[in-house]
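Scroll down for the structure; my scribbles are underneath it.
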Amino acid sequence: MVKEKLLNSNFLAVLGGNFLLFFAFFTLLPVLPIYMQNEFNASHTEIGVVLSLYTITALIVRPFAGFLIDTLPRHPMQMLFYAAFTLLFCMYLLPGGIVLFAVTRALHGFVFGVITVANSTVAIDVLAPTRRNEGIGYYGISNNLGMALGPTISFTVLHVFGSYNALFLCAFAACVIGFILVSTVKMPDRHREAKAKPKERMPVSLDRFFLLKGKRESLTLALLSFSYGILSTYLAVYARDEVGIDESTGGFFMLMAAGLIGARITTGKPLRNGLLIKLITCGILLLFVGYGMFIFIKVPVAFFASAFVLGYSYGMICPPMQTMFINLARHDQRGTANSTYLTSWDVGVGLGVVIGGAIADVESYTAAYIFAVVLVAAGLVFFRKVTAPHFSANKLR
């Protein structure tokens, strides 16, 4: 039997487009709090509320994005929303106040919520069926590389040009290249044939938007992603104000991405063997180690070492959590299961941005991170006492 090719030209184009999408997103993410302080004299609470709009609008549209991508031709929809995501970077260049900036972030989040679903769905479509599980792993790594390189480039651009507009143009240029790449994708014949066949209409119900069997898993994931919302958004300000690191924190994201990728490589076998509960438990326990270094040992060595530990922790938690959602769902609910997983993550991240900013405004970013760790502890207890037994009793595979 001939082994089907994994890295075909269509899949490589989707990988490249997805990498550049996340690269552009993470190019802006770590510097926006400082940008808002410098340009709008915004308070910590205002920064948290405005930056959370991105996550909130992505969260609102996410349950409906799967319907949109499944109902309409996928590749044209991918092109449309990728183009919209790209053009919205130009709005950051327009003169205006904090209200225009908030509107831009909200629109960007709405489009991001759709394009991420479109990209992942098209990636699955163009993969050879026998290489799908392996290919999805590579797709996840393209996210991680964007997360790593984006912040590094952003601080370099700011240092060289001393201009936020140069940073916005850099993100815009990256997405232009990404759009060109995804425009070359040719959908396989089997996908076009499937689209040509009339589909049986399923009755509309809440379970088509949210996997009701995954409520406990959703709460667990939201409790764990709360800390990531604070970490990813306020890192540069925290490093400057409370750790005393004035230079680029891009290295933190590089090390965090290395940890994520390392976890994907080293935990593949136990994940295939179904050791989901053990992996998630170990990942949560490792979060305590990472955040302990990050919060309480405020020296550069511990700050950067914690990045790898935290990245590895999230890398141990997220794939098994996503597998839990999929294994609780029927085969015809896989889209709903993935949407519920992403929505749950977004809820935690969004709340982390808003509540973390509010706590920092009243107390400090250290206090905000300590509060996040308390929620991680609550997540561990809830996972072991409620979520894990529920999953073991109700999983379908």
Side-chain angles (χ1 to χ4, degrees), residues 18 21-22 24-26 28-29 32-33 45-71 77-78 81-82 84-85 88 101-121 140 143 146-147 204-234 314 317-318 321-322 324-326 328-329 333-358 368 372 375 379:
N18 188 64
L21 182 91
F22 276 83
F25 171 65
F26 278 94
L28 299 191
L29 186 64
L32 288 182
T45 301
E46 288 173 331
I47 292 171
V49 170
V50 171
L51 296 186
S52 69
L53 291 175
Y54 194 102
T55 302
I56 291 170
T57 51
L59 173 64
I60 291 171
V61 75
R62 188 89 71 182
F64 304 98
F67 278 120
L68 188 65
I69 300 304
D70 283 339
T71 302
M77 292 303 295
Q78 180 193 30
F81 281 94
Y82 206 118
F85 185 85
L88 278 168
F101 181 82
V103 170
T104 303
R105 291 299 292 171
L107 290 173
H108 230 163
F110 182 90
V111 176
F112 184 79
V114 180
I115 186 57
T116 48
V117 175
N119 278 355
S120 59
T121 306
N143 296 349
M147 290 168 56
V204 176
S205 64
L206 180 60
D207 209 34
R208 295 186 65 192
F209 297 91
F210 184 87
L211 187 67
L212 297 178
K213 285 175 64 178
K215 294 191 296 293
R216 297 161 186 82
E217 288 71 18
S218 293
L219 179 56
T220 299
L221 186 59
L223 287 169
L224 300 178
S225 65
F226 183 96
S227 59
Y228 186 82
I230 303 178
L231 180 70
S232 60
T233 304
Y234 301 114
Y314 286 114
I317 292 167
C318 292
M321 283 298 303
Q322 186 171 15
M324 274 191 165
F325 283 92
I326 293 172
L328 285 170
Q333 290 180 305
R334 283 177 179 168
T336 302
N338 280 316
S339 175
T340 303
Y341 166 80
L342 292 170
T343 299
S344 304
W345 178 266
D346 288 344
V347 167
V349 169
L351 289 174
V353 173
V354 175
I355 298 175
L375 292 189

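Nothing fancy with the numbering, it's 1 onward along the sequence.
No side-chain heavy atom of V114 sits under 4.5 Å from any side-chain heavy atom of F85. Residues T340 and S218 are in side-chain contact: their nearest non-hydrogen atoms beyond the backbone lie under 4.5 Å apart. No side-chain heavy atom of S225 sits less than 4.5 Å from a side-chain heavy atom of Y314. Considering only heavy atoms from C-beta on, C318 comes within 4.5 Å of Y341 through its side chain.
Between the side chain of Y234 and the main chain of V353, a donor-acceptor pair closer than 3.5 Å is present. Distance alone, capped at 3.5 Å, places no donor-acceptor pair between the H108 side chain and the Y54 backbone.
Atoms CZ and CG, on R62 and D346 in that order, are 4.5 Å from each other to the nearest 0.5 Å. Atom CZ of F101 is separated from atom CG of L53 by 9.5 Å, given to the nearest 0.5 angstrom. Note that the OG atom of S52 and the CG atom of L59 stand 10.5 Å from one another [nearest 0.5 Å].
Checked against the 6.0 Å centroid threshold, F22 and F112 count as a close aromatic pair.
With no hydrogens or angles considered, no side-chain donor-acceptor pair links T57 and R105 at under 3.5 Å.
W345 and Y228 have tilted rings, their planes meeting at an angle from 30° to 60° on a 0 to 90° scale.
The heavy-atom pair separating M321 from E217 by the smallest distance is CE-O, 3.5 Å. When all heavy atoms of L51 and P33 are compared, the closest pair comes out as CD1-CG, 3.8 Å. Of all heavy-atom pairs spanning L221 and S344, the tightest one is CD2-CB, 3.9 Å.
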Yes or no on side chain to side chain contact (heavy atoms under 4.5 Å, CB included) for F226 and V347, after CA distance, side-chain angles and deciding distance?
CA-CA 8 Å; F226 183 96; V347 167; over 6 Å; no

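Among the candidates T116, L88, V61, the single residue satisfying the side-chain contact (heavy atoms from CB on, under 4.5 Å) test with V111 is L88.
Within a 6.0 Å sphere centred on CZ of F110, other residues, nucleotides and ligands contribute 12 heavy atoms or fewer.
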